[in-house]
Amino acid sequence: MIRRASQLFLPTLREAPADAEAISHKLLVRGAFIRQVSAGVWTFLPLGWRVHEKVVQIIREEMDAIGAQEMLMPVLTPAELWRATGRYEIPEVFKLRDRNEREFVLPMTHEETITFHAREIQSYRDLPQMLYHFQTKERDEPRPRAGLIRVREFIMKDSYSYDRDEEGLDRSFQLHKGAYDRIFERCELEVYAVQAESGMMGGSASMDFLAPGDGSNTLVTCERGDYAADLEVARGIPRVPEFPASLDAPEEVATPGVATIEAVAELLDVDDAATSKAMPVVADGRVVLGLVRGDDRLDEVKMVEALGEAFRPATEDEIREAFGADPGSIGPVGVAVEVVADEALREGQFVAGANKSGHHLRGVQAGRDFEARFANIREVREGDTCPNCGGKLRLQAAIEVGHIFKLETRYTKPLGATFLDEDGKEKLLVMGSYGIGPARTMAAIVEQHHDEDGIRWPRSVAPYDVHLVVLPGLEERADEVAAKLDDAGDAVLLDDRDQRAGEKFADADLIGLPVRVTVGKKTLEDGAVDIRARETGTEERVAIEDLGSLR
RNA sequence: CGGGGUGUAGCUCAGUCUGGUUAGAGUGCUGCGUUUGGGACGCAGAAGUCGCCGGUUCGAAUCCGGCCACCCCGACCA
């Protein structure tokens with residue numbers, strides 16, 4: 001196909017909008033791929049929609065390849081389905097009423113609706129089933145940001161599997177994992193599949209697909225490539241502290257006015273990694289002491305996991321009541337509250353608060369001086385060592401481009417989706433759900449494929465194959481070149497606008513098609529064109545008569 | 001929801017503190033001419049309810065009050 005730029009709605013911008021921060025946000029807006037309508041609500045302009053649909057088609061092909069069936073479910077959803085699964089109360093759910101006050105949901109995923117249909121599955125003979133659709137999702141996001149990375153409305157490919165049992169679910173899960181790997185590979189996106197939190201989806205296990213880039217997740221990877229995890233569940237091995245000489249029993253030392261770890265470590269002349277930090281919290285009305293090493297931070301997500309429930313920091317009054325001391329002087333020794341200690345504190349003797357204002361204890365040892373439940377509650381830090389190989393761990397921002405869940409019977413139970421198994425017994429369908437965001441994928445690709453001049457689209461998702469730049473007076477030769485490329489099957493963007501060469505080249509760099517062909521006055525002399533690769537900037541001269549597909 | 005910031009031409013911004021001709025610049029846009037392989041130049045021109053509502057004042061983009069929108073940080077979250 002041949003598309004003339006002079007007839008396209010292609011309002012490229014010389015400058016990025018003032019409020020853009022992320023690179024993908026700036027370049028996609030400048031290149032006329034997208035425009036913002038409202039906070040977190042975006043229009044795909046013609047060029048951007050072509051990219052989106054390229055990504056969609058790749059996803060579609062890989063989903064079909066694992067035997068999934070495409071369908072389409074509505075956005076408007078009766079609230080009763082969401083009430084049944086208990087998700088109606090989630091604050092991020094968009095809710096509305098019709099003229100008769102009937103309640104509806106604009107869903108963020110379609111578990112309820114698909115399971116409504118799955119009730120038509122009657123027999124084990126009809127299993128397994130894998131169904132998917134591409135549909136608009138709504139999310140009352142508290143803080144949209146960064147262009148396409150965090151939005152309130154977006155199109156998602158979500159698929160759902162139903163199996164007889166755990167084994168079948170595992171098979172469906174692995175099929176999706178494989179399909180996702182192939183999808184991101186075809187998009188030339190560097191992605192790490194990591195174990196993740198299931199959040200509001202529920203279920204037993206989930207895997208996140210994180211693409212390094214300006215996103216809201218933090219990816220932890222080992223320099224040797226054998227470990228990758230989301231920061232919220234990552235395990236790292238902290239450095240070994242320099243312990244002072246061991247003591248037979250804790251020894252109280254006066255630390256007047258000293259409340260921070262740095263100050264304690266300096267006053268007592270010990271490694272801050274040989275101290276402990278007490279983080280008193282209140283969960284379900286009771287005080288619990290979270291204990292991490294002095295140089296570590298308490299990871300709130302892991303703490304919730306360890307406690308099995310949400311918590312909040314204790315107030316100063318609650319601290320004084322439970323520990324009988326000021327917040328800067330509390331510790332695990334001789335207290336009545338439950339102590340949840342980080343694994344890093346299992347071995348060795350540490351400095352801890354004495355539960356006596358202005359005093360600390362040296363030589364405090366877990367098991368001997370206090371009892372604690374050990375858990376992984378520290379936040380992984382840059383420079384920790386890898387739990388697999390001892391290599392250095394690295395932290396980087398990443399975009400979550402896909403997330404797959406083993407939901408088990410989380411939705412089939414409340415919605416009563418059952419089947420009759422071979423043994424004649426009625427059983428609950430075992431379910432999985434698998435999401436991927438084409439727009440986020442698109443943004444992540446830009447994060448990973450760009451330079452100072454603009455985007456460098458991978459061939460697989462580029463909106464057109466060839467950017468054909470025509471310089472004045474060469475219109476007919478350009479038409480000839482375009483026709484030739486079109487015959488060879490390439491999609492051609494023909495820049496026939498009445499602009500200067502410099503502007504056309506700058507726009508070509510910004511828009512970022514993989515190949516640029518220039519028809520200029522030199523062509524009149526030798527009948528050849530310049531072919532330039534966007535990725536490498538290398539240029540070669542090829543006679544028009546020798547031109548074939550440049551894909 | 002808490003903290004901070006910004007709303008003036010399509011875009012990027014000055015002007016607001018210290019109220020006072022007809023509200024400005026760059027870029028973009030229109031026309032004419034010269035140019036034409038990396039965002040050219042000249043001339044002429046179009047374009048703004050100064051976010052909205054109210055108040056103070058002889059007079060408000062500017063001061064006061066309220067509201068709205070957008071951005072950033074945090075909380076939350078995929």
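A, B, ... follow the sequence lines: proteins, then strands. Residue 1 opens every chain. Just so you know, these numbers come straight off a predicted model, no measurement behind them.
- Nucleotides G2(B) and A75(B), compared at atom P, are 16 Å apart to the nearest Å.
- Between Arg35(A) atom CZ and G10(B) atom P there is a gap of 14 Å when expressed in whole angstrom units.
- Using a 4.0 Å heavy-atom criterion, one finds that Val151(A) contacts the bases of the nucleic acid, with or without backbone contacts as well.
- Between Tyr180(A) and His176(A), the ring-plane angle classifies as perpendicular under the 30° and 60° cut-offs.
- The base of G38(B) sits with one of its N or O atoms less than 3.5 Å from a complementary donor or acceptor on the side chain of Arg516(A).
- For Pro17(A), whose side chain is taken as the heavy atoms from C-beta onward, the closest listed nucleotide among C77(B), G38(B), U12(B) is U12(B).
- Protein atom CG of Asp299(A) is 15 Å distant from nucleotide atom C1' of A75(B), rounded to whole Å.
- With a cut-off of 3.5 Å on both Watson-Crick or G-U wobble distances, the partner of C67(B) is given as G51(B).
- At a threshold of 4.0 angstrom between heavy atoms, the contacts of Pro91(A) with the nucleic acid are absent.
- Arg50(A) and Glu53(A) are not joined by a salt bridge, as no carboxylate oxygen comes within less than 4.0 angstrom of a charged side-chain nitrogen.
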Distances for protein N/O vs nucleotides 40-46 of chain B N/O pairs under 3.5 angstrom?
unit_1: A40(B); atom_1: OP2; unit_2: Arg500(A); atom_2: NE; d: 2.7
unit_1: A40(B); atom_1: N9; unit_2: Arg500(A); atom_2: NH1; d: 3.4
unit_1: A40(B); atom_1: N7; unit_2: Arg500(A); atom_2: NH1; d: 2.8

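- Sorted by first and then second residue, the side-chain hydrogen bond (donor to acceptor under 3.5 Å, both in side chains) pairs with a member in residues 498-513 of chain A read Thr12(A)-Asp507(A), Arg497(A)-Asp507(A); sequence neighbours excluded.
- Rounded to a whole angstrom, the distance from the C1' atom of U27(B) to that of A9(B) is 11 Å.
- With hydrogens and angles left out, the side-chain atoms of Arg87(A) and Thr109(A) include a donor and acceptor closer than 3.5 Å.
- Distance Glu89(A) CD to C76(B) P: 20 Å, rounded to the nearest Å.
- Between C52(B) and A14(B), the distance separating the two C1' atoms is 23 Å to the nearest Å.
- For Lys406(A) and Asp170(A), the salt-bridge test passes: some basic side-chain N is under 4.0 Å from an acidic carboxylate O.
- Counting non-hydrogen atoms under 4.0 angstrom, Asp530(A) reaches a base of the nucleic acid.
- Taking the six-membered ring where tryptophan is involved, the planes of Trp49(A) and His52(A) are essentially parallel, since the angle between them stays under 30° and well short of 60°.
- In this structure, CG of Asn217(A) is placed 10 Å from C1' of C77(B), rounded to the nearest angstrom.
- Distance noted for atom C1' between A69(B) and U30(B): 32 Å (whole Å).
- Checking Ala506(A) against Glu300(A), the closest nucleotide of RNA chain B that is more toward the 5' end is the one next to Ala506(A).
- Counting to the nearest Å, the C1' atom of C77(B) and the CZ atom of Arg139(A) are 7 Å from each other.
- At the heavy-atom level, Lys521(A) lies under 4.0 Å from base atoms of the strands shown.
- Rounded to an integer number of Å, the gap from CZ of Phe94(A) to P of C77(B) is 17 Å.
- RNA chain B is contacted by no residue of residues 42-54 of chain A, taking any non-hydrogen atom closer than 4.0 Å.
- Distance, Asp507(A) CG to G28(B) P: 12 Å, rounded to whole Å.
- Here the nucleotide nearest the side chain of Glu232(A), chosen from C77(B), C29(B), U12(B), is C77(B).
- Separation of the C1' atoms belonging to G7(B) and G15(B) is 15 Å when rounded to the nearest angstrom.
- Across all strands shown, C43(B) forms a Watson-Crick or G-U wobble pair with G31(B), both key distances being under 3.5 Å.
- Classification of Arg139(A) and Glu92(A) as a salt-bridged pair fails, no side-chain N sitting under 4.0 Å from a carboxylate O.
- A 3.5 Å limit on both hydrogen-bonding distances identifies G74(B) as the Watson-Crick or G-U partner of C1(B).
- Going from the P atom of G5(B) to that of C43(B) covers 43 Å, rounded to whole Å.
- What separates CD of Glu475(A) from C1' of U36(B) is a distance of 12 Å, to the nearest Å.
- For His133(A), the ring-ring contact (aromatic ring centres under 6.0 Å, His included) partners two or more places apart in sequence, or in a different chain, are His110(A).
- When each of Leu393(A), Asp295(A), Leu395(A) is paired with Arg381(A), the side-chain contact (heavy atoms from CB on, under 4.5 Å) condition holds for Asp295(A) and for no other.
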Any N/O pairs under 3.5 Å between the protein and nucleotides 68-73 of chain B? List them or say none.
unit_1: C70(B); atom_1: OP1; unit_2: Ser38(A); atom_2: OG; d: 3.0
unit_1: C70(B); atom_1: OP1; unit_2: Ala39(A); atom_2: N; d: 3.0
unit_1: C71(B); atom_1: OP1; unit_2: Gln36(A); atom_2: NE2; d: 3.1
unit_1: C73(B); atom_1: OP2; unit_2: Arg143(A); atom_2: NH1; d: 3.0
unit_1: C73(B); atom_1: OP2; unit_2: Arg143(A); atom_2: NH2; d: 2.7

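- Each of Ser159(A), Ser206(A), Ser161(A) was compared with Tyr434(A) under the side chain to side chain donor-acceptor pair (under 3.5 Å) criterion, and only Ser161(A) meets it.
- Nucleic acid contact class of Leu13(A) (heavy atoms, under 4.0 Å, all strands): none.
- In this entry U56(B) has no Watson-Crick or G-U wobble partner, no candidate having both defining distances under 3.5 Å.
- Comparing Thr12(A) and Pro472(A) along RNA chain B, the residue whose closest nucleotide (by nearest heavy atom) sits nearer the 5' end is Pro472(A).
- Across the P atoms, G28(B) and G39(B) are found 12 Å apart, a figure rounded to whole Å.
- U12(B): Watson-Crick or G-U partner is A25(B), with both key distances under 3.5 Å.
- For Tyr162(A), there are no ring-ring contact (aromatic ring centres under 6.0 Å, His included) partners at least two apart in sequence or on another chain.
- C77(B) and C67(B) are spaced 29 Å apart, taking the C1' atom of each and rounding to whole Å.
- Screening Leu45(A), Val446(A), Val51(A) for a side-chain contact (heavy atoms from CB on, under 4.5 Å) involving Phe33(A) leaves a single residue, Val51(A).
- Remark: aromatic rings of His467(A) and Trp457(A) are distant, center separation not under 6.0 Å.
- Glu540(A) has no carboxylate O lying under 4.0 Å from a charged side-chain N of Arg532(A), or vice versa, which leaves the two without a salt bridge.
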